[in-house]
Colleague: 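Here it is, the structure, as structure tokens.
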Amino acid sequence: MHAGLRITAFTAALAATFGTAYGVGQAFDPVVEDAAPTRHETHPRASSEPAEEGDHGGHEAEPAGGLQISEGGYTLDLATPRVAAGDRSKLSFVIRDSTGRAVTAYQREHEKELHLIVASRDLGTYRHLHPTRATDGTWSIPVDLPRAGGYRVFADFTPAREGAENLTLGADLAASGPYEPQRLPAPNSTAKVDGYEVRLDGGLRPGKAAELKLKVSRDGRPVTDLQPYLGAYGHLVALRSGDLAYLHVHPNGEPGDGTTKPGPDVSFTATAPSAGSYRLFLDFKHEGKVHTAAFTVRAGAAQGTDEPHADESGHGH
């Protein structure tokens, strides 16, 4: 994935009136699994208003991408549009060029040719996956998603051709089973995951660059020996509630650049595409395991409560 901001808006909701709905699988990278999120009175939706003007400090929001299954002459062909909730299934897809041929050559970014994000529409389940590509261009990975519901699959990649730009294409995925939608957890600035505590300082600003600093600690002591994961001390993905606009940001600085330390702080700069509620997922690696901490923030509003919520757990693989 390339450093900086990538935004992808989710489209097409799956029917919630089915007695049997959908679910999505679980794989081998950072995972956020949801216990029932804390319910609250309001459930803000992302605004569709234009981003505010202002000094973007070199992090100007790019045009929304990934709202579509096709862009720039490339198409995400999802061969597995439906899986069964709780069952282990193989998720397969192909990236096709403008002639319909499967793409077999990619640029490696952050140690991978392609990064796959799978998230449920209620933002209670999140996966950052790295599938395997066959020689014919087919990508695949086993998934076992715990809950039924509608999901979105994002393929983040750069074709291996001169002048090619990074793309994020999106497609809908359904997991069958009894469906009960969950509310977005209330805003929080502290998340607990696998015995770690992660503190978020800063927030998102609509149309303007803002710093997000995350501090990792364990047993009340700062973690100062984070390990590089995919060439960085942390990866951050934000998904906007409502349309699930996709935003991927990498840390300020890289391991070995002389300015970045292996914790406890990991700093990012991001520009929110609009006001609204966002779910943030931080992947970090320590003692050989990858963990995912989750936060809810509201761009264009004061940061919320410090209380963690039940679905902020993550499991490294």
Side-chain angles (χ1 to χ4, degrees), residues 3-7 30-34 37-38 40 44 46 57 59 117 119 123-124 126 128 183-206 208-224 226 229 232-241 244-253 260-286 290-316:
L5 183 61
R6 291 296 304 167
I7 302 170
V31 171
V32 170
E33 297 242 357
D34 57 295
T38 302
H40 48 87
H59 293 268
I117 301 296
L123 297 177
Y126 168 84
H128 180 173
R183 288 186 178 273
L184 186 73
N188 63 296
S189 59
T190 302
K192 294 183 178 181
V193 50
D194 303 333
Y196 295 85
E197 182 174 282
V198 183
R199 173 81 184 185
L200 170 65
D201 291 321
L204 294 174
R205 301 176 65 191
K208 295 183 179 180
E211 184 180 29
L212 298 165
K213 184 178 292 185
L214 295 113
K215 179 174 292 186
V216 183
S217 63
R218 186 170 65 173
D219 299 327
R221 288 174 287 191
V223 175
T224 59
L226 292 174
Y229 173 60
Y233 287 128
H235 289 265
L236 187 66
V237 169
L239 298 173
R240 183 171 60 187
S241 177
L244 282 73
Y246 172 90
L247 161 65
H248 191 154
V249 192
H250 286 286
N252 297 323
T260 306
K261 297 181 180 180
D265 296 331
V266 184
S267 176
F268 301 82
T269 300
T271 303
S274 75
S277 295
Y278 292 76
R279 191 75 168 147
L280 274 58
F281 301 94
L282 172 71
D283 299 334
F284 65 95
K285 186 175 182 179
H286 187 240
V290 178
H291 310 274
T292 303
F295 304 85
T296 300
V297 300
R298 290 175 180 161
Q303 180 69 348
T305 175
D306 290 345
E307 293 299 321
H309 293 277
D311 73 335
E312 285 159 13
S313 62
H315 306 281

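The chain is numbered in sequence order, starting from 1. For the numbers below, each heavy atom of this structure counts, side chains included, while hydrogens, waters and symmetry mates do not.
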Colleague: State, with a plain yes or no, whether a side-chain heavy atom of Leu214 is found less than 4.5 Å away from one of Phe295.
Modeller: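 Yes, at least one pair of side-chain atoms sits under 4.5 Å.
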Colleague: On a heavy-atom basis, which atom in Gly195 and which in Arg218 lie closest, and how many Å separate them?
Modeller: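 For Gly195 versus Arg218, the nearest heavy atoms are O-CG, 3.4 Å.
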Colleague: Between Asp283 and Thr292, is there a donor-acceptor pair closer than 3.5 Å when you use the side chain of the first and the backbone of the second?
Modeller: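 Absent.
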Colleague: What's the spacing between Asp265 CG and Thr260 OG1 if we round to 0.5 Å?
Modeller: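 One gets 11.5 Å once the value is rounded to the nearest 0.5 Å.
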Colleague: Heavy atoms, side chains only, cut-off 4.5 Å: are Phe284 and Val223 in contact?
Modeller: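 No. Closest side-chain heavy atoms not under 4.5 Å.
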Colleague: Of all the heavy-atom pairs spanning Ala299 and Tyr278, show the shortest one and how long it is.
Modeller: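 Smallest heavy-atom distance, with atoms named: CB-CE1, 3.7 Å.
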Colleague: Considering all heavy atoms of both residues, which atom of Thr269 and which atom of Ala209 are nearest to each other, and what is their separation?
Modeller: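 Looking at all heavy atoms of both residues, the shortest contact is CG2-CB, 4.0 Å.
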Colleague: Tell me whether the centres of the aromatic rings in His286 and Tyr196 are closer together than 6.0 Å.
Modeller: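 Ring centres of Tyr196 and His286 closer than 6.0 Å.
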Colleague: Between Asn252 and Phe268, what is the shortest heavy-atom contact and its length?
Modeller: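 Shortest heavy-atom contact: ND2-C, 3.5 Å.
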Colleague: Below 4.5 Å, heavy atoms only, C-beta onward: do Leu280 and Leu212 meet side chain to side chain?
Modeller: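 A side-chain contact exists here, since the closest heavy-atom pair is under 4.5 Å.
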Colleague: Do any N or O atoms from the side chain of Ser277 and from the backbone of Ser241 form a donor-acceptor pair under 3.5 angstrom?
Modeller: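 Absent.
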Colleague: On a heavy-atom basis, which atom in Ser274 and which in Pro206 lie closest, and how many Å separate them?
Modeller: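 Distance-wise, the nearest heavy atoms are C-CB, 3.7 Å.
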Colleague: Going through the checks in order, is the side-chain contact (heavy atoms from CB on, under 4.5 Å) test met by Arg199 and Ser217?
Modeller: CA-CA 8 Å; Arg199 173 81 184 185; Ser217 63; over 6 Å; no
Colleague: Flag the pair Thr224 / Lys261 as yes when at least one side-chain heavy-atom distance between them is below 4.5 Å, and no otherwise.
Modeller: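 The answer is no; the side chains never approach within 4.5 Å.
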Colleague: For Thr296 and Ala186, which heavy atoms make the closest approach, and how far apart are they?
Modeller: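 Reported closest heavy-atom pair: CB-O, 3.6 Å.
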Colleague: So, do Leu184 and Arg279 sit near enough that their side-chain heavy atoms are less than 4.5 Å apart?
Modeller: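 A side-chain contact under 4.5 Å exists here.
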Colleague: Suppose we screen for ring pair (Phe, Tyr, Trp, His ring centres under 6.0 Å). Which residues come up paired with Tyr233, at least two apart in sequence or across chains?
Modeller: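 Expected list: none.
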